[in-house]
Amino acid sequence: MQYWLMKSEPDEFSIDDLQGRPKQTEHWDGVRNYQARNMMRDEMRVGDQVFFYHSNTKVPGIVGIAEVSREGYPDHTAFDPNDPHYDPKSDPDAPRWFMVDLRYVRHLKRTIPLPELKADPALEGMALVRRGNRLSVMPVTEEQWRHILTLE
DNA sequence: GCCAACGTTGGC
DNA sequence: GCCAACGTTGGC
């Protein structure tokens, strides 16, 4: 069992959107960063637990939990010229970008705001709180996972 | 809306 | 292979 954190702008796709999808499941498309791509393509496994993080919003923070329901497969939005995430360099025969499917698990009892995560000594070293971090998919250790759940 | 941090692109 | 220019992310 592995743990992850994935960011989304709630104006684009929120945890409420995920909860409202058929089977409470949606594919996580549009990631165009190689580090994040590699984790989705190579490392994430069905059943892995994911913190759902809202970025670029009034109160950025962890809002809930999802789980991986399908392992990495090609991100088809890269093939569609009409899609905002279109990438002409991604070929269906040699896809450059990958995604996973996530299934909604639950909301946290409250949003754990970013400043609180940053101020927490137990979370020092977590990728999320490192300066200038822009990764949209990152690993979370089991210790960090458990600790964050004590904060809700 | 501003802007720091960072990744990518492309000229050389 | 270097690095300046540029675009994007995302907190504030």
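So you know, we letter chains A, B, ... as the sequences are listed, proteins then strands, and number each from 1.
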Starting at atom [atom1] of [X], determine the distance to atom [atom2] of [N], rounded to an integer number of angstrom.
X: A:Asn33; N: B:dT8; atom1: CG; atom2: P; result: 6 Å
X: A:Asp87; N: B:dT8; atom1: CG; atom2: C1'; result: 12 Å
X: A:Met138; N: B:dG7; atom1: CE; atom2: P; result: 12 Å
X: A:Leu114; N: C:dT9; atom1: CG; atom2: P; result: 17 Å
X: A:Glu116; N: C:dC12; atom1: CD; atom2: P; result: 13 Å
X: A:Arg130; N: B:dC6; atom1: CZ; atom2: P; result: 11 Å
X: A:Arg37; N: B:dG7; atom1: CZ; atom2: P; result: 15 Å
X: A:Tyr86; N: C:dG7; atom1: OH; atom2: P; result: 19 Å

Touch class at under 4.0 angstrom, heavy-atom based, for A:Lys118 against every strand present: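 Sugar-phosphate only.
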Does any N or O in the side chain of [X] come within less than 3.5 Å of the main-chain N or O of [Y], such that one atom is a donor and the other an acceptor?
X: A:Arg110; Y: A:Leu151; answer: yes
X: A:Arg130; Y: A:Gly125; answer: yes
X: A:Glu71; Y: A:Val46; answer: yes

Minimum-distance nucleotide to A:Arg134 side chain [options: B:dA5, C:dG11, B:dT9]: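 Nearest to the side-chain atoms of A:Arg134, counting from C-beta on, is B:dA5.
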5' priority, DNA chain B, between A:Asn56 and A:Arg96 [closest heavy atom]: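 Checking each residue's closest nucleotide, the 5'-ward one belongs to A:Asn56.
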Most 5' of A:Asn133 and A:Lys89 on DNA chain B, judged by nearest nucleotide: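 Looking at DNA chain B, the more 5' nearest nucleotide goes with A:Asn133.
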OP1 or OP2 of C:dG10 under 4.0 Å from side-chain N/O of A:Lys7: yes
A:Tyr53 side chain near C:dG11 phosphate (N/O to OP1/OP2, under 4.0 Å):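 Yes, such a contact exists.
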Residue pair A:Gln144, A:Tyr3: steps toward the side chain to side chain contact (heavy atoms under 4.5 Å, CB included) verdict: CA-CA 9 Å; A:Gln144 290 163 349; A:Tyr3 302 94; over 6 Å; no
Check: A:His76 ring centre within less than 6.0 Å of A:Tyr73 ring centre: no
Under-3.5 Å donor-acceptor pair between A:Arg32 side chain and C:dT8 base: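 Between C:dT8 and A:Arg32, which were checked side chain against base, a qualifying N/O pair under 3.5 Å is absent.
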